Amino acid sequence: MQLLEKKLFLKGRLDKFTVPEKLKAFQKLPRKEIHYIDLSQIEMIDSAGVAFLESIRDALSEHDPRIINARADIKKTIKIFTSKKVINRVSMVRENLFENLGSAFLLWWKSVVDSFKLSADIVFWSIVGIFDRKGQRKGSVIVQSLLIGVDAVGIVSLLSLVLGLILALQSAAQLRQFGANIFVADLIAISMVREMGPMMTAIIVAGRSGSAIASEIATMKVTEEIDALKMMAIDPVRYVVVPKFQAITICMPLLVTVSIFVGIIGGLIVAVTYLDLSVVSYFTEIFAILTFKDVFIGLMKSVFFAWVIVIIASYYGFRVKGGSEGVGRVTTLSVVASIFWVIVLDAINSLIFYF
Amino acid sequence: MKKAIISVRNLVAKFGNTIVLDKISVDIYPREITVILGRSGCGKTTLIKNILKLYQPHSGSVKIFDEDIIGMEDQDFITILKRIGMLFQNGALLNSVSISDNIAIPLEQHTDLPRDIIDKIIRVKLELVNLDHAMNMTPSELSGGMKKRVALARAIALDPEILICDEPSAGLDPLTSSSLDELILKLKDLLKMTIVIVTHELASIHRIADRLIFLDKNRVVFTGSLEEAKASSVSEVKTFFKAGRFE
């Protein structure tokens, strides 16, 4: 690149690889002195080269330098790749604050209405599905029960055992100081039955099965499988969601029962080995402290948690947009929302029954 | 005689123990549109993917720009790939980013161009495929034909010397298919590209082909111009054209 008698001489190749260094060289030149851009020594030019020429002409727009001495083929390439003929047809309409707030509210309201409609649909078809199996795959409830329930027994048991051990260990040190060793059984029983069992199981199921449900439905939507079901006059909610809803309704209380039992066993290990309690006295205390109300409410709320997980996962699955990235996004949103609403529902439950 | 820009010799490709390409030898010449055709499952896409090292060939040699790419270090092969554009059968656009960002990917990754220059190139390339209005859209908002055109814009983002198109007309209506063919012809004439097209759409072959490479049962059964193909006595070629009522 050379500036001579108001002419900027460009040399050699003007392509994607040489443009960056030519741009640097151009920055150092006195711009006011450039009136012509001479391309006589240019060997070849590509789209990046044409964009570079336009850039320097934009930078020198005050005296709009002319391009001179370009070979015919160079001129032709410039003509092909010029962006001057491209009219930016994308117009951005800016909304004011109130319009934005209104749009956000309407969007939120629509999502609330949609989620209630979906919930009603799922609950209705789940009840109908007990009596009329049409519109569902044969054996789908059993398959889903295996996936949601049986396959989760291992991880639920392991985490519940560890939780029972931790709860007992944390309280044992304090209780021992007052000679109240036996109350470790009360603590474990009440916390596992009322809170820890149902909530921890729900969080595991939300992370495990909730994410699987959301991603399965979202993938089906993205790959047009949901549309295909609709075109075959099959209700996707009935065919895809209802078996999961029915399966989780059966499995969740069972999983919570396993969780409570294993958690209590975890507490027993600490009670026997660290607090010198006997197995009989530990279980006697547990049966004495637990009421039917505790067990019933613990299991009932686990069913509500299960419904929330399936409804939220389905809701996000059905509203997926885009491709594989959209599937990932709705799966994450579904798990986060499920865990949030499980905790909120648990808090409401505690306020209603124990406050 | 012209020197081949892509030269394949005795290429054997296998999936497990199944031979998909059996000692294939083909030459692709510069500034021509070469159409690789044949029945479904005859190995057209496999041939392309072996040439581009997307699949590892079992044996044989592939030379691109006179360099043997089999056994070439990945780093060296990247230099070759920068000179080749590929239009995949389904577009293969990244759904997570906008149309303009899809086209920006090769420019950002392989050049040091500043963003304003990249933006100009994106606009021009989208204008070439008549989609400059779709710049800020996402792939999910586009129809099948539009996706293919965006994918073509991405394939030519770096002004490649070779453009490879895998079934560009598949799944498109005749009008969109025809406009895509015209665009490919325009690219060949204006940008002097060497274009390789895998297809079995006879109408498309009639519009754009300079040379044909006919595959059947994992082998090359015919190589030549369209006129030569129509006059060919090779039974597979005759049957193929007859089935398509091509004249």
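Because the structure is a prediction, the values reported are computed rather than measured. We name chains A, B, ... by the order of the sequence lines, and we start the count at 1 in each one.
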Does a side-chain N-to-carboxylate-O contact under 4.0 Å join B/D68 and B/K63? no

Taking atom types as modelled, find out whether B/T194 and B/E161 have a side-chain donor-acceptor pair closer than 3.5 angstrom. no

May I ask you to decide whether B/E32 forms a salt bridge with B/K188, counting only side-chain N to carboxylate O separations under 4.0 Å? no

Does any backbone or side-chain atom of B/L158 lie under 4.5 Å from a heavy atom of chain A? Answer side chain, backbone, both or neither. both

Among B/H110, B/K82, B/K125, which has the most heavy-atom pairs under 4.5 Å with chain A? B/K125

At a heavy-atom separation under 4.5 Å, does A/T77 approach chain B through its side chain, its backbone, both, or neither? neither

Flag this pair as yes if the NZ/CZ of A/K76 is under 6.0 angstrom from the six-membered ring centre of A/F81 and inside a 45 degree cone about the axis; otherwise no. no

Side chain, backbone, both or neither of A/K16 within contact of chain B (heavy atoms, under 4.5 Å): both

Would you find more than 12 non-hydrogen atoms of other residues, nucleotides or ligands less than 6.0 Å from A/K321 atom NZ? no

Given a strict heavy-atom distance threshold of 4.5 Å, which part of A/D15 is in contact with chain B: side chain, backbone, both, or neither? neither

Partner chain A: residue of B/T138, B/L126, B/T111, B/I121 with the largest heavy-atom pair count (under 4.5 Å): B/I121

Heavy-atom distance under 4.5 Å to chain B: side chain of A/F52, backbone, both or neither? both

Please look at B/D112 and chain A and tell me whether the side chain, the backbone, both or neither of the residue comes under 4.5 angstrom of a heavy atom of that chain. both

Given B/K147, which of B/I99, B/N102, B/L142 fulfils the side chain to side chain contact (heavy atoms under 4.5 Å, CB included) condition? B/L142

Heavy-atom distance under 4.5 Å to chain A: side chain of B/K186, backbone, both or neither? neither

Could you check whether the rings of A/W108 and A/F105 sit parallel, tilted or perpendicular, using 30° and 60° as the cut-offs? tilted

